[in-house]
Q: 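I'd like to ask you about the structure that follows.
Below, chains carry the letters A, B, ... as their sequence lines are ordered, and counting in each starts from 1. This one's a predicted model, so the numbers in the text were calculated from it and none came from an experiment.
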Protein chains: 2
Amino acid sequence: MSTITDVARVAGVSVATVSRALRGLDRVSPATRQRVLEVAAELQYVASPTATSLASGRTRVVAVCAPFLSRWFFATLVSAIEKELRSQDHHAILFDLENDDYHSRLPLTQNMLWKRVDGIIALDVTMTDEEIDLLDRLGLPVVAIGASIPGRPCVRIDDSAAMRTAVEHLIGLGHRRIAYIGDVPPHVPHVRTPRDRIHAFTDVMAEADLPVEPSWVLGSDWTAQAAAADSAAVLTGSPRPTAIVAASDEMAIGVRETARRLGLRVPQDVSVVGIDDFQLSDVLGITTVRQDVTAQGRAAARLLLDRLLEDRVCTGDLVLPTELVVRESTGPAPSD
Amino acid sequence: MSTITDVARVAGVSVATVSRALRGLDRVSPATRQRVLEVAAELQYVASPTATSLASGRTRVVAVCAPFLSRWFFATLVSAIEKELRSQDHHAILFDLENDDYHSRLPLTQNMLWKRVDGIIALDVTMTDEEIDLLDRLGLPVVAIGASIPGRPCVRIDDSAAMRTAVEHLIGLGHRRIAYIGDVPPHVPHVRTPRDRIHAFTDVMAEADLPVEPSWVLGSDWTAQAAAADSAAVLTGSPRPTAIVAASDEMAIGVRETARRLGLRVPQDVSVVGIDDFQLSDVLGITTVRQDVTAQGRAAARLLLDRLLEDRVCTGDLVLPTELVVRESTGPAPSD
DNA sequence: CTGAAAGCGCTTACAG
DNA sequence: CTGAAAGCGCTTACAG
């Protein structure tokens, strides 16, 4: 493959001129530029990104960090981010911070980032103090999605509002005995979203003068599997809740499946609502509060690119709207 | 941040010595190495990957290319690949080749690859002749997953065998009127898997002397949504199939949902089987032929690393086993 | 065992 | 408008 020197030689100009012509800088005569462009095309010249990076100090690469990669929410974000970055000639390098268990994750290190990326998009990763220090030292711009990072812009939804919408939907249907699944132990690192959602749940219940039965507030690792298993006790108990709100659609799906398996009709016997509008929520008829995950990924990438390309810095959060989507999994509360 | 020159100066040696010491090459005295290590740690020195790449010609970055990124199969592969690569100090850069429609994808270009990556892992991408030329010209090692690429190693399952297993399971349960969903138009670029699966279906049916009703062979874009919609006609027709085999679990889920919505019991009235063991297949009780997607991703990454690190070249395909997992969505054929 | 020097392939002031 | 030269921060023969 040819280098800039080859192009310069064939075009009969200096490498400096080739560099300027190819990057569209001014102070190159139209004729020269034309000639350089032709030669470059002919030689199938593509600048070495590695050499460009060393000389310019910019890699045009962005680190995308997430506590998991294979889950729908994160995979959807990654896909959106990658496309947006590429549209501006940037690339995404991946860091799956998943550890052996749900309750911890791998730390970000200087090795991952230093001179390797121009910036970071953090998908729902709550940073430790050491990590924040590192980011400061490296001077890397960061955009967060979901969990916010002190002093950095964050793209997210209003988790409280989303949960309010879900619970108020149930209350509006006449439900009074409502269970909750999706509580998370206090030491879990990715916490804002779970916490906001459960707080909104208890707030709305209190405002409506409805009791929150402690044994009806279930922990979970936020998988459909765990939700299916954990909800069985509540669904077989007596009295039984007439509705269950799940902090995510995947959990809602697990709960609905368990309900059916126990012979309960959804929604006639028990209503189930989630949050997300997960990939399968529409076919499965899950009532949910939709968030636009692709839009969040795109927005975060754009925020970072604005910073990188035009040094336009955004502070504060970008909060995207959510929307109630009523499907078959919720209905009027059964009369006792 | 400090450079190799800083470390050399503080340690009182040349940069060449620092380079050797840090990379664990021999011909460095233990005392010197020790001293260099200490200084490097003290200065928090991390070598610039960009400079290392330019000098060494190796980027330690691998391109992971896929026609979609947000679907479970691909996201699971990406996660497994990223972890395996990182365990060997390599990184994954992502290329989501998704286009506006299911039937085409973005092409691989020299711009994406040249001097940017050391190798490529292609997730179910059927290469065009131009792309194969490009890969030859660039001399980049490639490992495929799913769809194979002429002359390159490929990690996959035996799609025919997997489908045979699924269909034979149904036949063993006494089903004779069996429909199929997951056929793909001939011009779709990612084709081997769909084609192998449907051929296996018709083969097994023929061997069992069972008719394949053309109107019971349904096309699909392999989403649960499309499967849910497309299967309605077959499920409301008369006669009705007693079983439907879906080329993927996501389609099976869509079919099962439509069946239930139409008032059919699964599996008493109609059995549904898929292939994959998708993330939600266990909670939803979908009988399936399981493939280990994580193992495939890991194996592909390892194959590529073997090639990159030890120039150990593998030719031919690595075929991983599949396994029937019987759950609630299949049962004995109803007596007419 | 260690160092001086060339080289990787670009970009970027600085002259002209 | 164009070129010569320094520099980005490493690695790698080559001497010694």
Q: Looking at B:R302 and B:E84, is any side-chain nitrogen of the basic one under 4.0 Å from a carboxylate oxygen of the acidic one?
A: yes
Q: Compare every heavy atom of B:M127 with every heavy atom of B:R105, then report the nearest pair and how far apart it is.
A: NH2-CA, 4.0 Å
Q: Can you list, in residue-number order, the parts of residues 111-118 of chain A that come under 4.0 Å of DNA chain C, counting heavy atoms only?
A: none
Q: Among pairs that include at least one residue of residues 57-66 of chain B, which meet side chain to side chain donor-acceptor pair (under 3.5 Å), considering only residues two or more places apart or in two chains?
A: B:T59-B:D118
Q: Would you tabulate the side-chain donor-acceptor contacts of residues 311-321 of chain A under 3.5 Å, counting partners in other chains and residues two or more places apart, or write 'none'?
A:
| residue | atom | partner | partner atom | Å |
| --- | --- | --- | --- | --- |
| A:R312 | NH1 | A:D306 | OD2 | 3.3 |
| A:R312 | NH2 | A:E310 | OE1 | 2.5 |
| A:D317 | OD2 | A:R156 | NE | 2.8 |
| A:D317 | OD2 | A:R156 | NH2 | 3.3 |

Q: Output all residues satisfying side-chain contact (heavy atoms from CB on, under 4.5 Å) with B:R9, sequence neighbours left out; order by chain, then residue number.
A: B:D6
Q: Run the side-chain contact (heavy atoms from CB on, under 4.5 Å) test against A:A75 and tell me which residues pass, sequence neighbours left out.
A: B:A75
Q: Measure from NZ or CZ of B:R71 to the centre of the six-membered ring of B:F74, then state whether that distance is under 6.0 Å and the direction lies within 45° of the axis.
A: no
Q: Does A:R152 pair with A:D136 as a salt bridge, N-O distance under 4.0 Å?
A: yes
Q: Tell me, what's DNA chain D's dot-bracket, Watson-Crick or G-U with both distances under 3.5 Å, | for other-strand, [ ] crossing?
A: |||.||||||||.|||
Q: List for me each residue that meets ring-ring contact (aromatic ring centres under 6.0 Å, His included) alongside B:F73, sequence neighbours excluded, and say none if there are none.
A: none
Q: Give, ordered by number, those residues of residues 30-62 of chain B having at least one heavy-atom distance below 4.0 Å to an atom of DNA chain C; if nothing qualifies, reply none.
A: B:T32, B:L54, B:A55
Q: Could you list where the contact with chain B starts and ends along DNA chain C, reading 5' to 3', using a 4.0 Å heavy-atom cut-off?
A: C:dC1 to C:dG9
Q: Among residues two or more places apart or on two chains, list those pairs meeting side chain to side chain donor-acceptor pair (under 3.5 Å) that have a residue in residues 40-50 of chain A.
A: A:Q44-B:R137
Q: Applying side-chain contact (heavy atoms from CB on, under 4.5 Å), can you list everything that pairs with B:V46, at least two apart in sequence or on another chain?
A: A:Q110, A:N111, A:W114
Q: Restricting to side-chain contact (heavy atoms from CB on, under 4.5 Å), what partner residues turn up for B:L37, sequence neighbours left out?
A: B:L22, B:R33
